[in-house]
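Below is one structure, written out as structure tokens; the observations come after it.
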Amino acid sequence: MQILAISGSLRSGASNTELLTAAMLLAPASVEISMYGGLNTLPHFNPDLDNPDGSTLPEIVADLRSRIGGAEGILISCPEYAHGIPGSFKNLLDWLVGSTEFPGKPVALLNTSSMSVHAPEQLIEVLTTMNARIVPQACFIVPLLGRRLDAQAIAADPELSAVLRVAITSFVHAISSMQSDTAPLSVNVP
Ligand SMILES: Cc1cc2nc3c(=O)[nH]c(=O)nc-3n(C[C@H](O)[C@H](O)[C@H](O)COP(=O)(O)O)c2cc1C
């Protein structure tokens with residue numbers, strides 16, 4: 001199963017990026033989590049560039065949409081800035097609003113700070129409006145604020161890794177059951 005991880009933080013050594021990297025380390029062999037690395041280079045969203053025929057779509061945005069389309073689920077970990085979603089991450093979401101690839105996509109949300117409550121609420125509102133299928137049983141707070149742990153340290157921590165493993169397993173199960181719910185009915189032809 002292919003899962004795309006997207007960190008909402010551009011900061012080097014960001015706890016949100018380290019957490020997602022730890023999830024990559026802990027994923028079972030049947031699950032490949034890849035990290036989206038283009039957040040820093042996406043242009044500002046402009047509807048003029050988002051024509052229905054795709055002729056004006058920047059190549060990097062087409063690449064983002066293709067990665068979204070190729071993933072069976074999206075794992076997001078995003079910080080809170082000034083009681084809101086960081087602008088660069090909201091910009092990424094805005095590029096996906098008019099896409100065919102994003103609607104209906106299963107999404108799990110991780111949060112590295114129990115202090116941040118507004119951004120997670122806003123993310124749920126925005127993602128629901130974009131027709132994401134948020135999987136609540138795969139959404140977790142993994143408290144990393146002020147701990148300066150890198151991905152290896154997170155993956156080696158018994159409590160943190162246990163939460164991450166539950167998040168991954170719950171997400172994979174939910175995606176699998178969504179896929180079997182939407183699979184075409186087989187008909188036995190004698
Ligand atoms: C500009 C800025 C604004 C912030 N505003 C908030 C906030 O409103 N509420 C909050 O809980 N944390 C806030 N924080 C703290 C970050 O959410 C927190 O440090 C987070 O762990 C950063 O994630 P990162 O380590 O992945 O970069 C803010 C941080 C910055 C840099």
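Atoms within a ligand are numbered from 1 in the order they appear, just like the ligands themselves. Atoms considered below: every heavy atom in the structure, side chains included; atoms not considered: hydrogens, waters and symmetry mates.
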Exercise: identify the closest heavy-atom pair between Gly84 and Ala119
O-CB, 3.4 Å

For the residue pair Phe45 and Trp95, categorise the inter-ring angle as parallel (less than 30°), tilted (30 to 60°) or perpendicular (more than 60°).
perpendicular

Residues Asp48 and Thr56: side-chain donor-acceptor under 3.5 angstrom
no

Which atom pair, heavy atoms only, marks the closest approach of Thr112 to Ser77?
CG2-OG, 4.0 Å

Within the heavy-atom cut-off of under 4.0 Å, ligand 1 is lined by Ser9, Arg11, Ala14, Ser15, Asn16, Pro79, Glu80, Tyr81, Ala82, His83, Thr112, Met115, Ser116, Leu145

Non-hydrogen atoms of Leu145 and Met115 that approach each other most closely
CD2-CG, 3.8 Å

Shared ILVMFWY cluster between Leu26 and Ile74, side chains joined below 4.5 angstrom?
no

